[in-house]
Amino acid sequence: MTVDPHLLDDLEWRGLLAHSTDLDALRAALSTTEPGGVRFYVGFDPTAPSLHLGNLVQILTARRLQQAGHTPYPLVGGATGMIGDPRDSGERTLNSLDTVQDWVGRVRRQIEPFLSFEGGNAAVMVNNYDWTASLSTIDFLRDIGKHFPVNRMLARDVVKSRLEAGISYTEFSYILLQSMDFLELYRQHGVTVQFGGSDQWGNLTGGVELIRRAEGGKAHAFATPLITKSDGTKYGKTEGGALWLDPAMMSPYAFHQFWLNAEDAKVGELLRVFTFLSRPEIDSLEAETAEKPFLRAGQKALADEVTTLVHGATETANAKAAAAALFGSGDLGDLNPATLSAALREAGATRAELGTPYVDLLVAAGLVRSKGEARRTITEGGAYLNNERVTDPELVPDGSHVVAGGWLVLRRGKRNLAGVEIG
RNA sequence: GGCAGAUUGCCCGAGCGGCCAAUGGGAGCGGACUGUAAAUCCGUCGACUUAUGUCUCCGAAGGUUCGAAUCCUUCAUCUGCCA
């Protein structure tokens, strides 16, 4: 496979280059004629049982690079996950080795489907635990630590912001581990490019510099932008919590809904970052969204594309069918019971006995956190049963409310739906 | 090590003996408007309950008082100033 010469232009157009080391040097490196192209690495720390939206940017970028002919070395941080990189919100809680190793496996399996492990530029999965766990403290301090001036480390933004509240030596040292990873991959595999999220920029350049100091080698790095809403706040969180890639933690339906609800102003950017649609396709979707925003052509394409990438075509079709059933027609009674029950299972369902008060059902379905909140929601006019507003906090659904052969359709607000299966 | 100040609900921040579940802003949630957007406006925002009720809560543990987030003691953490 030959290397695609237009890769960097495409990445630039997609807005994926938020920061970069010498861009011309990077361009030169990426235009290599070597078989297998450039060897690059991107790391994922197992800080949870699943990766999330932010990680998806990196996974997809890795896929773009591989499709352009380069060789990925996706790294799962069995070692760095034991330490934790510093973040503004404060010191992390350490996880046990067992937990981290379990998460390493899960994260690895999440990444694999996005990359190809065959052919001339087959991906090579690596784990920094392999070269970090057995390293002696003395070697670490002499070989790695010697190259890191503390005054420079202290000047980093994350560290500065933590100096008042406090930061442990453990987190302070994180940059050494990640930099060492780059050096190690450079030595073992000839990896010369690393990328990551823009919050990783310090760690990325740390590695480039370590390679230069320790080996006199030339390596490159770039950072992808942080994806934010138009008001500048992070995505990452939605009604149910973080945007997980694991279908057990966030249903494909909810995932699809998230993209469908993207703001108009962000659709173009999200299409460029999260889909593999071509430039003409995206340009045309963007134009359509600008002209006829109410059709939400961009959002629909975005939701379908990204859900298919992450969960597959079947799950995407299910999510679409569910949304069509639940948001489409006004009267739920008109719907085919099979369609409706499938849609409710997709949206999230629980089981309850007939005779359970409506308030308790809202809690059981996870639409509210407490009965008080449930009552409040009813008072506020945001609670619905079978698409009809509930006004009586004491309501106890009976047989006349059951639809589709055994279901109650609960809704909070406009778009938080859940099904209760009676029985 | 000494002196002074701080620690409030998801975040920021008032309160400084009873009227405090605790002003205000942000986030979140709901409603209106729409397109299952954004912006805006309105409402709501500890739990159990629905009674002008109970419980938990203002860094931690004790204490004073009829009564404390508010006063005292000790401890923890942070911030200044001095060594």
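Lettering follows sequence order; numbering is per chain, from 1.
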Subject >> Rounded C1' spacing from B:G24 to B:A14 in Å >> reply: 7 Å
Original post:
With a 4.0 Å cut-off on heavy atoms, is A:S370 in touch with a base, just the backbone sugar-phosphate, or nothing at all?
Top reply: sugar-phosphate
Subject >> Inter-nucleotide C1' distance (B:G62, B:G18), Å rounded >> reply: 23 Å
Original post:
For B:U36, does either OP1 or OP2 sit under 4.0 Å from a side-chain N or O belonging to A:Y384?
Top reply: no
**OP:** Give the intermediate values and the outcome of side chain to side chain contact (heavy atoms under 4.5 Å, CB included) for residues A:E171 and A:D85.
**Re:** CA-CA 6 Å; A:E171 290 193 2; A:D85 66 323; over 6 Å; no
Original post:
Can you tell me how far C1' of B:U36 sits from CG of A:L326, to the nearest Å?
Top reply: 11 Å
**OP:** For A:A383 and for A:E394, find the nucleotide of RNA chain B with the closest heavy atom, then tell me which residue's nucleotide is more 5'.
**Re:** A:A383
**OP:** State the pairing partner of B:C41; accept Watson-Crick or G-U wobble contacts with both distances under 3.5 Å, and report none otherwise.
**Re:** B:G31
Original post:
With the threshold set at 4.0 Å, does a side-chain nitrogen-carboxylate oxygen contact exist between A:D9 and A:R27?
Top reply: yes
Subject >> Whole-angstrom distance between B:A83 and B:C71, as gauged at atom P >> reply: 31 Å
Original post:
Looking only at side-chain N and O atoms, does A:R375 come under 4.0 Å of OP1 or OP2 in B:U50?
Top reply: yes
Original post:
Could you give the distance from CZ (A:R213) to NZ (A:K146), rounded to the nearest 0.5 Å?
Top reply: 11.5 Å
Subject >> B:U8 to B:A61 separation - P atoms, rounded to the nearest Å >> reply: 16 Å
**OP:** Write down the distance between CZ (A:R369) and C1' (B:G30), rounded to a whole number of angstrom.
**Re:** 14 Å
Original post:
CG of A:L260 versus C1' of B:A38: gap in Å, rounded?
Top reply: 15 Å
**OP:** Figure out the CG/C1' separation between A:L410 and B:G30, and round it to whole Å.
**Re:** 16 Å
**OP:** Could you work out the separation of B:G17 and B:G63 based on their C1' atoms and round it to a whole Å?
**Re:** 15 Å
**OP:** Check whether any side-chain N or O of A:R415 sits under 4.0 Å from OP1 or OP2 of B:A37, and answer yes or no.
**Re:** yes
**OP:** Provide the Watson-Crick or G-U wobble partner of B:A68, both distances under 3.5 Å; none if there is no partner.
**Re:** none
Original post:
Between A:D304 and A:K300, is the closest basic N to carboxylate O distance under 4.0 Å?
Top reply: no
Subject >> Presence of A:N416 side-chain N/O under 4.0 Å of B:G30 phosphate oxygens OP1/OP2 >> reply: yes
Subject >> Watson-Crick or G-U wobble partner of B:C10, both distances under 3.5 Å >> reply: B:G26
**OP:** State, to 0.1 Å, how close A:G298 and A:T289 come at their nearest heavy-atom pair, and which atoms those are.
**Re:** N-OG1, 3.3 Å
**OP:** Would you mind calling B:A51 syn or anti? Take O4'-C1'-N9-C4 for purines or O4'-C1'-N1-C2 for pyrimidines, and syn is within 90° of 0.
**Re:** syn
Subject >> Sugar-phosphate only, base, or nothing, as touched by A:R389 at under 4.0 Å among non-hydrogen atoms >> reply: sugar-phosphate
Subject >> Presence of salt bridge, A:K266 and A:E269, under 4.0 angstrom >> reply: yes
Original post:
In whole Å, what separates the C1' atom of B:C45 from that of B:C57?
Top reply: 16 Å
Subject >> B:U65 and B:G59, which share atom name C1', separated by this distance in whole Å >> reply: 23 Å
**OP:** Using a heavy-atom cut-off of under 4.0 Å over every strand shown, decide if A:R376 touches base, sugar-phosphate, or nothing.
**Re:** sugar-phosphate
Original post:
If each of A:Q257 and A:G372 is mapped to the nucleotide of RNA chain B with the nearest heavy atom, which maps nearer the 5' terminus, i.e. the 5' end?
Top reply: A:Q257
**OP:** With heavy atoms under 4.0 Å as the rule, sort A:E373 into base, sugar-phosphate or nothing.
**Re:** nothing
**OP:** Quick one: look up who B:C58 pairs with, Watson-Crick or G-U, both distances under 3.5 Å, and put none if it's unpaired.
**Re:** none
Original post:
With both distances kept under 3.5 Å, what pairs with B:C16, Watson-Crick or G-U wobble?
Top reply: none
Subject >> Paired nucleotide for B:A4 [Watson-Crick or G-U wobble; both distances under 3.5 Å] >> reply: B:U79
**OP:** Using the C1' atom as the reference point in each nucleotide, state the distance between B:A21 and B:U70 in Å, no decimals.
**Re:** 15 Å
**OP:** Could you tell me the separation between the NZ atom of A:K371 and the C1' atom of B:C45, rounded to a whole number of Å?
**Re:** 20 Å
Original post:
Which atoms form the tightest heavy-atom contact between A:H220 and A:T21, and what is the distance?
Top reply: CA-OG1, 3.5 Å
Original post:
Distance from A:L245 atom CG to A:I59 atom CD1, nearest 0.5 Å?
Top reply: 5.5 Å
Original post:
Is any side-chain N of the basic residue among A:E394 and A:R375 closer than 4.0 Å to the acidic one's carboxylate O?
Top reply: yes
**OP:** Take atom CZ of A:F327 and atom P of B:G35, then tell me their distance rounded to the nearest Å.
**Re:** 15 Å
Original post:
Whole-Å distance between B:U44 P and A:R412 CZ?
Top reply: 15 Å
Subject >> Close approaches to RNA chain B from residues 340-363 of chain A, in residue order (heavy atom, under 4.0 Å) >> reply: none
Original post:
In whole angstrom, what separates A:R411's CZ from B:G30's P?
Top reply: 11 Å
**OP:** Quick one: sort the A:F195 and A:F222 rings into parallel, tilted or perpendicular, breaks at 30° and 60°.
**Re:** parallel
